[in-house]
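First up is the structure itself, then whatever we jot down about it.
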Protein chains: 2
Amino acid sequence: MRKESSKNLENEILINNSCGMAYTLNVIGGRWKPAILYRLLTGAMRYSELRNVLPLITERVLVLQLRELEKDGLIEREVFPQVPPKVEYRLSALGRSLEPLLHALSDWGNANRPENDSLREQPSAC
Amino acid sequence: MRKESSKNLENEILINNSCGMAYTLNVIGGRWKPAILYRLLTGAMRYSELRNVLPLITERVLVLQLRELEKDGLIEREVFPQVPPKVEYRLSALGRSLEPLLHALSDWGNANRPENDSLREQPSAC
DNA sequence: CCGCATCCAATAAGATACTG
DNA sequence: CAGTATCTTATTGGATGCGG
């Protein structure tokens, strides 16, 4: 089956498949994106609301993650031109298309992670 | 389960859900685990086979990832007591339970990642 | 053949202070 | 309110060489 012939079609498929998966993990992975996405599944939120429900994230990191999610097209940022300022974040259509996947990931983790597993010292939202 | 100052039941649920997701991403995420898991979906492989089909991974990292996957119960390691040594890696039942999820992650990524996206400088298996 | 040990580079994340 | 700007620390991955 798998030989030196890296031109093997099956190999190509496997490689591309793993790449698609790697891309997905890139855009939803990381330490805080899961928590942010989960929050936004229930609707739009202001910046300060996100910060309040994720008290352990620093502002720097929160903004970085939001910018990345926006760049990847998963969320939309709406600025209300008023004083004081108001900014809302919501899932885009692409972001909402991830909902079944996010729930599947969550369910598998909740079903299979060991008791008392502290997520390897991940204090984030736990 | 952990019960902190539960101001809000919905919060607890969201938090726990995101934690399950974070755990899943932890055990299948990283730069090389997707490729390794994808390879093993098609059957058991020897250490040297894995190394050959993933020519860009270093031995140190390959072993590290295999050990983590084993620790998390996703793969099994079988040593054949012979000379020269032979070691096979295969998915455990738990690992195989991830198969639909892995395909879903892959499909979403292949469908949605931009053309010519080089996976943000991720040369791994692409 | 199947690794492990050592050292080092890149990147992700955190702490803290400040601003339009 | 919704962020920036620096600086520092932690985690991950890579290069290379040796060993049972």
Side-chain angles (χ1 to χ4, degrees), chain A residues 18 22 25-36 39-40 44-72 75-90 118-126, chain B residues 22-23 25-36 39-40 44-72 75-90 118-126:
Chain A
S18 107
L25 292 171
N26 239 320
V27 301
I28 69 173
R31 178 161 180 179
W32 293 104
K33 282 178 185 173
I36 295 171
R39 292 296 178 169
L40 294 181
M45 295 183 77
R46 301 181 58 162
Y47 174 82
S48 54
E49 292 179 303
L50 280 170
R51 203 189 43 205
N52 288 336
V53 295
L54 301 172
L56 295 174
I57 196 174
T58 64
E59 304 217 341
R60 188 186 100 95
V61 174
L62 176 55
V63 172
L64 276 172
Q65 303 304 297
L66 289 171
R67 295 289 177 274
E68 277 187 37
L69 290 168
E70 189 187 4
K71 178 170 64 62
D72 290 326
I75 67 174
E76 288 159 357
R77 177 173 178 271
E78 183 177 9
V79 181
F80 296 83
Q82 61 188 45
V83 181
K86 171 179 171 181
V87 177
E88 273 193 0
Y89 294 90
R90 78 193 71 243
S118 59
L119 215 48
R120 290 136 160 183
E121 325 315 328
Q122 183 165 43
S124 65
C126 305
Chain B
Y23 175 76
L25 292 171
N26 239 319
V27 301
I28 69 173
R31 178 161 180 181
W32 293 103
K33 283 178 185 173
I36 294 171
R39 293 295 178 168
L40 294 181
M45 295 183 77
R46 300 182 60 164
Y47 174 82
S48 52
E49 292 180 303
L50 281 170
R51 203 187 43 206
N52 288 335
V53 296
L54 302 171
L56 296 174
I57 196 174
T58 65
E59 304 218 338
R60 188 186 100 96
V61 175
L62 176 56
V63 172
L64 276 172
Q65 304 304 296
L66 288 170
R67 293 292 174 274
E68 276 187 37
L69 290 168
E70 188 187 2
K71 180 171 62 63
D72 292 325
I75 67 173
E76 288 159 357
R77 177 173 180 270
E78 183 177 9
V79 180
F80 296 83
Q82 61 187 45
V83 181
K86 171 179 169 181
V87 178
E88 274 193 357
Y89 295 90
R90 78 193 71 242
S118 59
L119 214 49
R120 290 138 162 183
E121 326 314 328
Q122 183 163 46
S124 65
C126 304

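Below, read A as the first sequence line, B as the second, and so on, with proteins coming before strands; counting in each chain starts at 1. If you're wondering where the values come from, they're calculated on a predicted model, not measured in any experiment.
By the side-chain contact (heavy atoms from CB on, under 4.5 Å) test, B:E88 is found to be paired with B:A44, B:R46, B:F80, B:K86, B:R90, residues two or more places apart in sequence or in another chain being considered. For the side-chain contact (heavy atoms from CB on, under 4.5 Å) test, residues two or more places apart in sequence or in another chain that qualify with A:V79 are A:R77, A:V87.
Closest-nucleotide positions on DNA chain C for B:K86 and A:P85 were compared, and the one nearer the 5' end corresponds to B:K86. For B:E59 and B:L64, each mapped to the nucleotide of DNA chain D holding its nearest heavy atom, the one lying further toward the 5' end belongs to B:L64.
If you take CG of A:N52 and P of D:dG3, they are 14 Å apart, rounded to a whole angstrom. The NZ-P distance, from B:K33 to D:dT11, rounds to 15 Å in whole Å. Protein atom CD of A:E78 is 15 Å distant from nucleotide atom C1' of D:dA2, rounded to whole Å. Rounding to whole angstrom units, CG of residue B:L54 and C1' of C:dG3 are separated by 16 Å. Taking atom CG on B:L50 and atom P on C:dC1, their separation rounds to 14 Å, with Å as the unit. Distance A:E49 CD to D:dA2 P: 8 Å, rounded to the nearest Å. Distance A:L66 CG to D:dC1 C1': 14 Å, rounded to the nearest Å. If you measure from atom CG of B:L25 to atom P of D:dT12, you get 14 Å, rounded to the nearest angstrom.
With contacts defined as side-chain heavy-atom distances shorter than 4.5 Å, the pair B:L25/A:P34 qualifies. Under the 4.5 Å side-chain criterion, counting only non-hydrogen atoms from C-beta, B:W32 is not in contact with B:L62. Residues A:M45 and A:Y89 are not in side-chain contact: their nearest non-hydrogen atoms beyond the backbone lie 4.5 Å or more apart.
Put simply, B:S48 has a side-chain N or O that comes within less than 4.0 Å of OP1 or OP2 on C:dC2. Phosphate proximity of C:dG3 to B:R67: present, with a side-chain N or O under 4.0 Å from OP1 or OP2. The side chain of A:R51 places no N or O atom within less than 4.0 Å of a non-bridging phosphate oxygen (OP1 or OP2) of D:dG3. Note on B:Q65: a side-chain N or O is less than 4.0 Å away from OP1 or OP2 of D:dG13. Between A:R77 and D:dG3 there is a side-chain polar atom (N or O) within less than 4.0 angstrom of OP1 or OP2. For B:Q82, no side-chain nitrogen or oxygen approaches OP1 or OP2 of C:dC1 to under 4.0 Å. Regarding contacts with the backbone of C:dG3, every side-chain N or O of B:R46 stays at 4.0 angstrom or more from both OP1 and OP2.
Within 4.0 Å (heavy atoms only), B:Y89 reaches sugar-phosphate atoms of the nucleic acid but no base atom.
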Pairs under 3.5 angstrom, nitrogen or oxygen only, protein versus nucleotides 6-10 of chain C, please.
none

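When distances are taken from the side chain of A:W32 to each of D:dG3, C:dC4, C:dG14, the shortest belongs to C:dG14. Here the side chain of B:R31 is nearest to one of D:dG13, C:dA15, D:dG3, namely D:dG13.
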If you look only at distance, which donor and acceptor atoms sit under 3.5 Å apart when one is on a side chain in residues 50-57 of chain B and the other is two or more places apart or in another chain?
from	atom 1	to	atom 2	distance (Å)
B:R51	NH1	B:E59	OE2	2.9
B:N52	ND2	B:S48	O	3.0

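The nearest pair of heavy atoms linking B:L66 to B:I75 is O-CD1, 3.5 Å.
If you take CG on B:D72 and CG on B:N26, they are separated by 8.0 Å, rounding to the nearest 0.5 Å.
A salt bridge is defined here as a Lys NZ or Arg NE, NH1 or NH2 lying under 4.0 Å from an Asp or Glu carboxylate O, and A:E68 with A:K33 meets this definition.
For the helix from C:dC1-D:dG20 to C:dG20-D:dC1, the terminal axes (five pairs an end, C1' atoms, rotation from four pairs onto the next four) enclose an angle of 50°, given to 10 degrees.
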